[in-house]
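Worksheet: the structure to be examined is printed underneath.
We count ligands from 1, going down the list as the structure has it; atoms in each ligand are counted the same way. In this text the structure is predicted, and so the values were computed from the model without any measurement.
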Amino acid sequence: MESKKEKTFKFVVVGGGIAGVTCVEQLSSQFPSEAVALVTAGPHIKAVTNYKQVSRRLEEFDVEEKPSSVLEEKYPNLTIIHSAVKSLRTRTHCVETADGRVFGYEKLCICSGARPKLLTQENPHVLGIRDTDSAQEFQKRLAKAKRIVVVGNGGIALELVYEVRRCEVIWAVKDKAIGNTFFDAGAAQFLIPSLEADKEQAAAPCKRQRFTTEEPAPDASGSALGPDWHRGIELRGAEQGSRRVSVEYQCEVEHIFTLEEFLVSSKQTPKPDTAGSWPVYVQLTNGETFGCDFVVSATGVVPNTEPFLHGNNFSLADDGGLRVDDHMMTSETDVYAAGDACSACWEHSPLWQQMRLWTQARQMGWYAGRCMAADVLSEPIDLDFCFELFSHVTKFFNYKVVLLGKFNAQGLGSDHELLVRCTKGREYVKVVLSGGRMVGAVLIGETDLEETFENLILNRMDLTAYGEELLNPDIDIEDYFD
Ligand code: FAD
C-alpha cells in the first residue's frame with residue numbers, strides 16, 4: 001500500500017459524525033498551515049450548532065446535517081475525502097478507501113461511530129434505526145402497519161414507543177421497568193402514565209429545537225441520528241386512534257418466525273388475536289408469541305471497527321469498541337479514537353461513565369483533537385474536566401430529563417441511599433447519596449435544580465445534616481446553599 005500513497009496528511013480523521021467533525025475542526029483551526037483530511041462515507045457531515053453551556057458541566061446543542069463543503073470553505077487546509085475507509089495499515093501509517101485510493105497520515109483519529117445491534121441479521125422483517133435512511137424506511141413501513149413489536153429498553157426504544165401513533169406497539173423490555181438504561185423503576189413509574197395518555201391531547205409543545213436533515217443520504221453507513229430524530233417525520237401507522245402500547249416486562253426474544261415457519265411450527269400457541277396472518281411472529285422468553293408487521297430492534301449498538309482491525313493489533317473492549325487511554329489513544333501508535341467507536345478505558349472519575357451519546361461524542365472528538373495536537377507539539381495535557389462528572393440533558397415523553405453523575409447508583413452496590421420527591425405528572429427528583437455526599441441525580445420535569453445539584457456533587461459537600469430536607473419543596477435549595 002505504501003507505494004500508492006496519493007498524499008500524506010499531518011492529520012487524518014475518519015467519520016463525519018459529531019466526534020469526527022469536532023475533532024477535525026479542532027485540528028484544522030489549531031494548525032492552519034498543516035494538511036488535514038476528513039474521510040467520511042457519506043456526502044453530509046454533522047455540525048454542532050447553537051451550542052449552549054447550561055451550567056458548569058451541562059451543555060445543550062443542536063445538530064445539523066450539512067454538506068461537507070461547508071467545512072472546506074471554513075478551513076482552507078482541510079480536504080474532505082468522500083469514501084469509506086476499507087483498510088488501515090498502522091505499520092506504514094496509511095488508510096485505503098473503498099474507491100481504491102491510499103492516503104498517508106502522521107496522526108489518525110477513528111470516529112466511525114456505531115451501528116444498531118440487530119436481533120438477527122438480514123431478516124427483512126427486523127429493522128434497526130440509526131441514520132436518516134433507516135428512520136425513513138421505518139416511517140414508510142409504519143404507514144402500512146397495524147402492529148409492531150419494539151425490542152429494547154434504551155433511549156431509542158423509549159422515544160419510539162412514545163412517538164408512534166395509529167399502530168399498536170408491543171414493547172418487549174428485558175428489565176422490570178421501562179427505560180432501565182436511563183433511570184430506575186420509580187422514574188419509570190412516573191413516566192408510564194404518559195404512555196397511556198392520549199397522544200393528540202397530551203402532546204405539549206417541544207421547546208428543544210428540532211434536528212433536521214436534508215435529503216436522505218445515499219450512503220449505507222451514515223451518521224447516527226440524535227435527539228429529536230423523529231420530529232421531522234410523522235410516525236403514523238395504518239390504524240385509527242392514537243397511541244396503544246403494551247409493555248411485556250422481563251423478557252427477551254426467543255425466536256422470530258416468518259408466517260410460513262410459524263404455520264409449520266404447530267407447537268406455537270399465539271394469542272388468539274395474533275392467529276391471523278402476520279408477516280412475522282415474535283416468540284418471547286415469557287412464553288408469549290405476537291404476530292406483527294415488523295420488529296424494531298433497539299437493543300444497543302456495536303462500534304464500527306471492522307475496516308480498521310485486519311492486519312493491526314488493536315486492543316478491543318468487551319463492548320467491541322477500540323480501547324482508548326486518557327489521551328484518547330488506542331493501542332496502536334499514532335492512532336486515536338473518539339465517539340461511539342471507542343471505549344473509554346482509563347480509570348474513570350468516580351462520578352463519570354461512558355454512554356454512547358451525542359454530548360460525549362462531541363466532548364471526546366474535541367479532546368482527541370487537543371491530545372493529537374499536544375502530542376505533535378510535545379506538550380503535556382490533562383484529562384479534560386468534562387470527564388469528571390457525567391451529565392446529560394435530554395427529553396423523554398416530552399419531559400426534560402437531566403442525569404448527573406451516578407444517577408442510577410451505578411457501581412455503588414448497597415453503599416448508597418436514595419432521596420425521592422415526586423409530583424405526579426409534573427416532576428420526579430431523585431438524589432443518590434453515598435457516605436453522606438451527593439453522587440448522582442435524576443431530574444425529570446422543569447425542576448430547576450440542575451445547577452445546584454451539579455455544584456453539590458462537584459463540591460463533595462457532606463450533606464448528612466440536611467437529611468430529607470434536601471428535597472423539601474418548601475425550601476429554596478438554591479438560596480440555602482448560596
Ligand atoms: P456517528 O454519528 O455514527 O458518525 C460516524 C461517522 O463515521 C459517519 O459519518 C459514518 O458515515 C462514518 N463512517 C463509518 N464507517 C466509516 C468508514 N469505514 N470510513 C469512513 N467513514 C465511516 N444521543 C443523545 O445524546 N441523545 C439522543 O437523544 C440520542 N438519540 C439517538 C437516536 C437514534 C435513533 C440513534 C441511532 C442514536 C441516538 N443517540 C442519541 C446517539 C448519538 O446519535 C451517537 O452517540 C452519536 O451520534 C455518536 O457520534 P459519532 O460521531 O461517534 O458517530
Side-chain donor/acceptor of D184 to backbone N/O of A187, under 3.5 Å: yes
Measure from atom 17 (C) of ligand 1 to every heavy atom in T40, I18, V85, V39 and give the option owning the shortest one. V85
Taking the side chain from K430 and the backbone from F407, do they hold a donor-acceptor pair closer than 3.5 Å? yes
For A41, counting its heavy atoms only, list the atoms of ligand 1 lying under 4.0 Å from any of them. 11 (O), 20 (C), 21 (N)
Is D340 in polar range of ligand 1, meaning some N or O pair under 3.5 Å apart? yes
Any sub-3.5 Å donor-acceptor pair from S112's side-chain atoms to G15's backbone N or O? no
Have a look at ligand 1 and work out which part of E159, if any, has a heavy atom under 4.0 Å from it: side chain, backbone, both or neither. side chain
To the nearest 0.5 Å, atom CG of D293 lies from atom CZ of R141 at 9.0 Å
Contacting atoms of ligand 1, where contact means under 4.0 angstrom from a heavy atom of C111: 5 (C), 6 (C), 7 (O)
Would you say N77's side chain and E34's backbone share a donor-acceptor pair under 3.5 angstrom? yes
Proximal candidate to atom 5 (C) of ligand 1 [heavy atom criterion; set P43, G15, S112]: S112
Which one holds for P307 and ligand 1: side chain close, backbone close, both close, or neither close, with close meaning a heavy atom under 4.0 Å? side chain
Of all heavy-atom pairs linking I381 and H327, the shortest is O-NE2, 3.0 Å
Between ligand 1 and H392, can you find any atom pair, the residue atom being a heavy atom, that is separated by under 4.0 Å? yes
Would W358 count as a polar contact of ligand 1, with the cut-off being nitrogen or oxygen pairs under 3.5 Å? yes
State whether E451 and R57 are salt-bridged, where the test is any N-O pair (Lys NZ or Arg NE/NH1/NH2 against Asp/Glu carboxylate O) under 4.0 Å. no
Could you check whether R370 makes a cation-pi contact with W366, meaning its NZ or CZ is under 6.0 Å from the centre of the six-membered ring and within 45° of the ring axis? yes
Scanning both residues in full, the closest heavy-atom pair of D319 with G321 reads OD1-N, 3.0 Å
Region of L357 that comes within reach of ligand 1 [heavy atoms, distance under 4.0 Å]: both
For G113, atoms of ligand 1 separated by under 4.0 Å from a heavy atom: 3 (O), 5 (C), 52 (O), 53 (O)
Proximity of P116 to ligand 1 by residue part, where a heavy atom lies under 4.0 Å: neither
Under 3.5 Å between some N or O of ligand 1 and some N or O of A84? no
Taking 4.0 angstrom as the limit and counting only heavy atoms of V14, give me the atoms of ligand 1 inside it, by number and element. 19 (N), 20 (C), 21 (N)
Taking only heavy atoms of G339 into account, list the atoms of ligand 1 that are under 4.0 Å away from them. 52 (O)
With a 4.0 Å cut-off on heavy atoms, does A341 reach ligand 1? no
Could you check whether any side-chain N or O of R356 sits under 3.5 Å from a backbone N or O of D340, counting only pairs where one atom can act as donor and the other as acceptor? yes
Output the list of atoms in ligand 1 that are nearer than 4.0 Å to some heavy atom of A361, sorted by atom number. 48 (C), 49 (O)
Check: A19 N/O within less than 3.5 Å of ligand 1 N/O: yes
Run the salt-bridge test on E332 and R91 with the 4.0 Å N-O cut-off and return the result as yes or no. no
Closer than 4.0 angstrom: is that true for some heavy atom of R356 and an atom of ligand 1? yes
Strictly distance-based, threshold 3.5 Å: is any side-chain N or O of S134 a donor or acceptor partner for the main-chain N or O of I129? no
